[in-house]
2 protein chains.
Amino acid sequence: MNIGDASERSGLPAKTIRYYEDIGLLKPGRSGNGYRHYSTADIHRLKFLQRSRSLGFSVEECRQLLSLYGDSHRESADVKAIAEVKLVEIDCKIAELVGLRETLRHLVDHCHGDERPECPILDGLSAEEDQPANQSTTH
Amino acid sequence: MNIGDASERSGLPAKTIRYYEDIGLLKPGRSGNGYRHYSTADIHRLKFLQRSRSLGFSVEECRQLLSLYGDSHRESADVKAIAEVKLVEIDCKIAELVGLRETLRHLVDHCHGDERPECPILDGLSAEEDQPANQSTTH
DNA sequence: CATTGACCTTCCAGTGACTGGAAGCCCTAG
DNA sequence: CTAGGGCTTCCAGTCACTGGAAGGTCAATG
């Protein structure tokens, strides 16, 4: 199977598949003409990558998960630990975004949004009182 | 005021402040020795940037907001429009993350997480049925 | 047999928003 | 006079791709 088919079956763009090979996430065979060819096992790995990436795992986490995936002596506790950390991260991100939404909603609700220049949104952005000056809180 | 003080007062790292200057978001003066010096107006712009960035506006959106900020003939409707688009984006992101959390939570809850290799998380990642193979859905 | 067009290859560069680090100047205190 | 801290510029790296150029391969068509 060539990269085009692999792309279609895995749901990943061909460019991304080549990139994953570059960084060592899989090693497809090569035909005589230099074309990559993908086995069904390769397709499984690609689908696995597509799913775990879309669940918010970083590429490095996917690498870990893939190695556990291919290890018949793995312990499910190892996998669960990774997933639970990710769950916490997702929860944090949601909480952060909800906070942002509240703040922005508040600003938007107080702006009449007409032809006049008075704008509580800009006022809010230029002088909010309640947060201390700190370096790089967001990461 | 030198860049160190500007950093402290704005809550932005000095590197970031120089970067913002690089991309044309502000133009502080220079002292005889080549050091940048920041007026109180500069500090206001920096704080404005810090706040709007932390609210999820992209640097380009911040550039727009800054230009509205400095335009006494602005119409508050323009600002509100930008903010409302951002609100929708934040809502989308939250919804997406909540979906991720549900899926991952489901997988985690079904994994006993012990020394055995059986793992519903890996199973779920390797063969989930209900999503079609499509290119780059997430953005 | 030549050509077209789709598909494949490699390589290089760009994205966004910084961040790290090296090499070197400036200023003040001891 | 030296040590330190702060400032300067410039270059490279991050993450996970993505775009594009230049060119090789293949199957089908005229």
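Throughout, protein chains are lettered first and strands after them, A, B, ... in sequence-line order, and every chain is numbered starting at 1.
Using a 4.0 Å cut-off, no side-chain N or O of Asn33(A) falls inside it from OP1 or OP2 of dG24(D). A sub-4.0 Å separation between OP1 or OP2 of dT9(D) and a side-chain N or O of Arg36(B) is present. A close approach under 4.0 Å does occur between a side-chain nitrogen or oxygen of Arg30(B) and OP1 or OP2 of dT9(D).
At the heavy-atom level, Arg18(B) lies under 4.0 Å from base atoms of the strands shown. Residue contacts for Ile3(B): at a heavy-atom cut-off of 4.0 Å it reaches the sugar-phosphate backbone alone, with no base atom in range.
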Could you check Tyr20(B) against Arg45(B) for side-chain contact (heavy atoms from CB on, under 4.5 Å), going step by step and ending with a plain yes or no?
-> CA-CA 11 Å; Tyr20(B) 286 168; Arg45(B) 287 176 80 83; over 6 Å; no
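Comparing dC11(C), dC18(C), dC17(D) against the side chain of Arg53(B) picks out dC18(C) as the nearest. Comparing atom distances between the Thr16(A) side chain and each of dC17(D), dC26(D), dC27(C) picks out dC17(D) as nearest. Closest contact between the side chain of Lys15(A) and the listed nucleotides dC11(C), dC10(D), dC18(C) involves dC11(C).
In this view, Arg63(B) and Ile23(B), Leu25(B), Glu60(B) satisfy the side-chain contact (heavy atoms from CB on, under 4.5 Å) rule, not counting sequence neighbours.
Here dT9(D) presents its P atom at 16 Å from OH of Tyr19(B), a figure rounded to the nearest Å. Whole-Å rounding puts the Tyr20(A) OH to dA16(D) C1' distance at 7 Å.
Near DNA chain C, meaning a heavy atom under 4.0 Å away, the residues from residues 57-68 of chain B are Ser58(B), Val59(B).
Taking 3.5 Å as the limit, the base of dG24(D) and the side chain of Tyr35(A) contain a donor-acceptor pair of atoms between them.
Here Glu61(B) pairs with Lys86(B) in a salt bridge; the nearest charged N to carboxylate O distance falls below 4.0 Å. Using a 4.0 Å cut-off between charged side-chain N and carboxylate O, Arg30(A) and Glu21(A) make a salt bridge.
With a 4.5 Å cut-off on side-chain heavy atoms, Thr103(B) and His106(B) do not count as touching.
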